[in-house]
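Because the structure is predicted, anything quoted here is derived from the model rather than measured. Index from 1, following the sequence.
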Amino acid sequence: MRRTVAEHQRAVAELLRTRWAALPGSITASQQNGKGTTSLPLMAARDRVLVDDLRAPLDLPPFANSQMDGYAILVDAEQPEGVDSAQSTTYRVAATIPAGAVPAPLQPGTAAPIMTGAMLPAGANAVVPIEQAVPAHFAEVGESVELPHTAPGTFVRERGSDVLRGELVIPAGTLLNAAHLGLAAALGLSELTVRRKLRVLLLTTGDEVLSPGDPAAAAGLPEGKIFDANDSLLRASLQAAGAEVVASLVAKDDPQDLLQFLDNFLEATQRPCDLIISVGGISAGAFEVVKQALTVAAEQAQMDFGHVAMQPGGPQAAGSYRGVPFLGFPGNPVSAFVSFEMFLRPALSELLGAPVRRNRVLATLEHAMTSPAGKLQIRRGSYSGPEFESAASVREVGGPQSHLLGALAQANALITVPAGVTELQAGAKVEVLLL
């Protein structure tokens with residue numbers, strides 16, 4: 001496999017689309033009774049994807065109400081000619097209408113004190129703010145008040161002026177945010193049916209790798225060993241993208257042990273994961289455990305191993321094991337992170353509607369850069385957004401090496417340098433992926 005970045009992006013999306021469609025209880029199921037969905041309370045549905053079109057079960061507002069504290073009055077639909085809009089009319093004050101009350105009909109020649117949000121009484125069609133009344137305070141029942149002439153509908157929120165009953169208010173596939181949840185609550189809904197979370201099995205590999213807290217490092221990190229950063233780095237990335245890591249393992253460089261673990265895990269429950277991700281063990285070394293294991297298990301594994309014209313993150317693997325989609329990322333932490341951002345995260349946005357796509361912007365490069373020919377370069381960057389008198393700019397953090405995890409921790413963006421560009425001068429425009 002030798003692909004461009006765009007080719008591998010399409011290949012990953014197509015792999016997930018076709019494999020998920022064939023799995024029972026598919027994550028892409030869109031029916032409410034499908035195993036790919038779940039009903040959640042509103043506050044748990046934020047950043048989840050709505051399964052079905054949501055149509056309003058009632059009007060919003062559900063009744064005509066006042067937009068202001070003031071007086072509810074009846075205004076002639078057509079003001080007679082010659083009437084000065086600055087003139088006023090004297091009304092007899094009726095009973096006050098608080099919010100939440102069902103008012104009595106308004107009698108001719110009367111004005112009812114009405115609070116913001118209160119139901120407009122039958123026989124009224126306008127509201128005059130209390131500040132425009134004379135006197136400019138709420139009078140007692142039976143007293144008189146002078147109110148200026150106004151037009152019908154003034155300061156009235158008509159029934160259904162926001163949302164009409166039966167109207168499509170949130171389309172299926174929407175990534176729900178606070179405004180969506182507020183609307184659902186206003187419509188009286190306490191739950192929404194959303195797509196369930198993607199379930200991921202995460203494997204990191206290598207005899208040299210120890211998990212943080214491993215007893216073998218109780219007296220200090222042993223010679224020749226490293227702590228595993230990939231599990232935490234990718235687990236956090238997956239969770240931020242709306243996925244759930246159902247299990248993870250630091251796999252040693254033993255192909256048979258790796259296959260045994262995969263078989264035991266997949267047989268333990270029915271379809272315990274939607275995706276398997278491995279980190280490391282897919283390149284051209286002598287102990288590439290993922291490549292060796294899945295090559296041996298040819299009847300169960302359909303995998304492509306090769307390179308993508310990208311740096312870091314060139315070695316890539318894609319396929320399936322026992323029908324479950326399988327993506328193999330390179331083992332250096334920055335390479336694994338870039339692989340996730342460039343290949344898996346966009347595919348999840350496309351196929352599942354979440355997470356939200358990363359913003360891509362143009363920024364001015366603060367310094368000169370060089371780049372090897374033939375590969376899309378992904379460099380860690382520190383991005384500064386546009387300000388009052390300055391354009392957006394970006395500078396590289398660290399160098400091109402894929403082991404510089406400290407530089408990644410300082411970055412808030414990824415700088416992309418096209419495959420055909422070998423030199424960039426300070427002030428050049430570059431495309432930046434905002435993290």
For residues 300-312, which side-chain donor-acceptor pairs fall under 3.5 Å, sequence neighbours excluded?
{"from": "Gln302", "atom 1": "OE1", "to": "Ser320", "atom 2": "OG", "distance (Å)": "3.2"}
{"from": "Gln311", "atom 1": "OE1", "to": "Gln377", "atom 2": "NE2", "distance (Å)": "2.9"}

Checklist entry - Checking side-chain hydrogen bond (donor to acceptor under 3.5 Å, both in side chains) for the pair Thr204/Asn230: CA distance, chi angles, key distance, verdict? => result CA-CA 7 Å; Thr204 56; Asn230 281 318; over 6 Å; no

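The heavy-atom pair separating Arg322 from Asp263 by the smallest distance is NH1-OD1, 3.1 Å. Across all non-hydrogen atoms, the minimal contact from Ala126 to Val156 is CA-CG2, 3.7 Å. In terms of heavy atoms, Leu433 sits closest to Arg360 at CD1-CG, 3.6 Å. Residues Ala95 and Val141 come closest through the heavy atom pair CA-CG2, 3.8 Å.
Remark: Arg165 engages Asp59 in a side-chain contact (heavy atoms from CB on, under 4.5 Å) (not counting sequence neighbours).
Here OG of Ser161 is found 8.0 Å from CG of Asn65. Values are rounded to the nearest 0.5 Å. The CG atom of Leu234 sits 7.0 Å away from atom CZ of Phe329, with the distance rounded to the nearest 0.5 Å. With values rounded to the nearest 0.5 angstrom, Glu396 atom CD is found 11.5 Å from Glu366 atom CD.
Side-chain contact between Thr416 and Ile378 is present, with heavy atoms from C-beta onward closer than 4.5 Å.
A side-chain donor-acceptor contact under 3.5 Å links Asn412 to the backbone of Tyr383.
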